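The structure under discussion appears below in the form of structure tokens.
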Amino acid sequence: MSTRWYPLFQPGNPQLRVFLPNFWMKLIRPYAEDDPRPIFPNRVHFIVSMEMTRHDVKNYLKKIYNVDTIAVRTEIRMGKTKEVGKERMVTKEDDYKIAYVTLPEGQDFTFPDIYPKDKVDSKVEDEKKQMENMKTGLKRVKDVTKMKPDLPGWFT
């Protein structure tokens, strides 16, 4: 299932051949964080290449990542359509395939927390302090320009 072209074998020039399939997998979050549906710890969702079958997904995870799977379900979702421009041309995003992988009992997967709350809170506090400093500086500039009404605001 590969679209890559490999050079033909030459008897006097042996070459190392490696088969590289055009398969790829992208890990996705199952649902939105505020969605009330339960998230099962042994179920993982992937967006996969359209050419991959459920057997390919199972073999890919076993051979490359050494992950055992119980079941793999695949589903093809249609891309979104939208109207663009003055002429209201209809464009459509590409279709994509989702693989739902069930892991065996005892193997759990939790989606990594890329943006922990404590780091986000500290950034928000820093931004609030910067905003307060900017407000006090602006107020000071306005007070100075009130004393000198004939000068422009940028001349302080």
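In this text, all values refer to a predicted model and were calculated from it rather than measured experimentally. Start at 1 with the first residue, then count along the sequence.
- Sequence neighbours left out, the pairs with a member in residues 71-93 that pass salt bridge (Lys or Arg N to Asp or Glu O under 4.0 Å) are Glu75-Arg77, Glu83-Arg88, Lys92-Asp95.
- Taken together through direct or relayed side-chain contacts under 4.5 Å among Ile, Leu, Val, Met, Phe, Trp and Tyr, Tyr96 and Trp24 form part of one hydrophobic cluster.
- Minimum heavy-atom separation, Arg43 to Thr102: NE-OG1, 4.0 Å.
- Annotation: the span from Lys26 atom NZ to Phe46 atom CZ amounts to 12.5 Å, rounded to 0.5 Å.
- Of the inter-residue distances, the one linking Asp56 atom CG with Met25 atom CE reads 10.0 Å to the nearest 0.5 angstrom.
- Here the straight-line distance linking atom CD1 of Ile70 with atom CG of Leu103 works out to 8.0 Å at 0.5 Å rounding.
- Two residues are said to be in side-chain contact when any heavy atoms from C-beta on lie closer than 4.5 Å; Phe109 and Val101 fail this criterion.
- Environment of CE in Met131: sparse, with no more than 12 heavy atoms of neighbouring residues, nucleotides or ligands closer than 6.0 Å.
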Audit row: Asp94, Met50, side chain to side chain contact (heavy atoms under 4.5 Å, CB included) steps and yes/no = CA-CA 10 Å; Asp94 292 335; Met50 287 292 279; over 6 Å; no
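- Within 6.0 Å of atom NZ in Lys62, more than 12 heavy atoms from other residues, nucleotides or ligands are found, so the atom counts as buried in its surroundings.
- Shortest non-hydrogen contact noted between Tyr65 and Tyr60 is CE1-CE2, 3.8 Å.
- Two different hydrophobic clusters hold Ile28 and Met52 under the rule that ILVMFWY side chains link at heavy-atom gaps under 4.5 Å.
- In the hydrophobic clustering of ILVMFWY residues, with side-chain heavy atoms under 4.5 Å counting as a link, Ile98 and Phe23 come out apart.
- Rounding to the nearest 0.5 Å places CG of Asp143 at 9.5 Å from CG of Leu138.
- Hydrophobic clustering of Ile, Leu, Val, Met, Phe, Trp and Tyr side chains at less than 4.5 Å, counting indirect connections, unites Ile64 with Val44.
- Interatomic distance, CD of Glu105 versus CD of Gln107, reported as 10.5 Å (0.5 Å rounding).
- Rounding to the nearest 0.5 Å places NZ of Lys97 at 13.0 Å from CD1 of Ile47.
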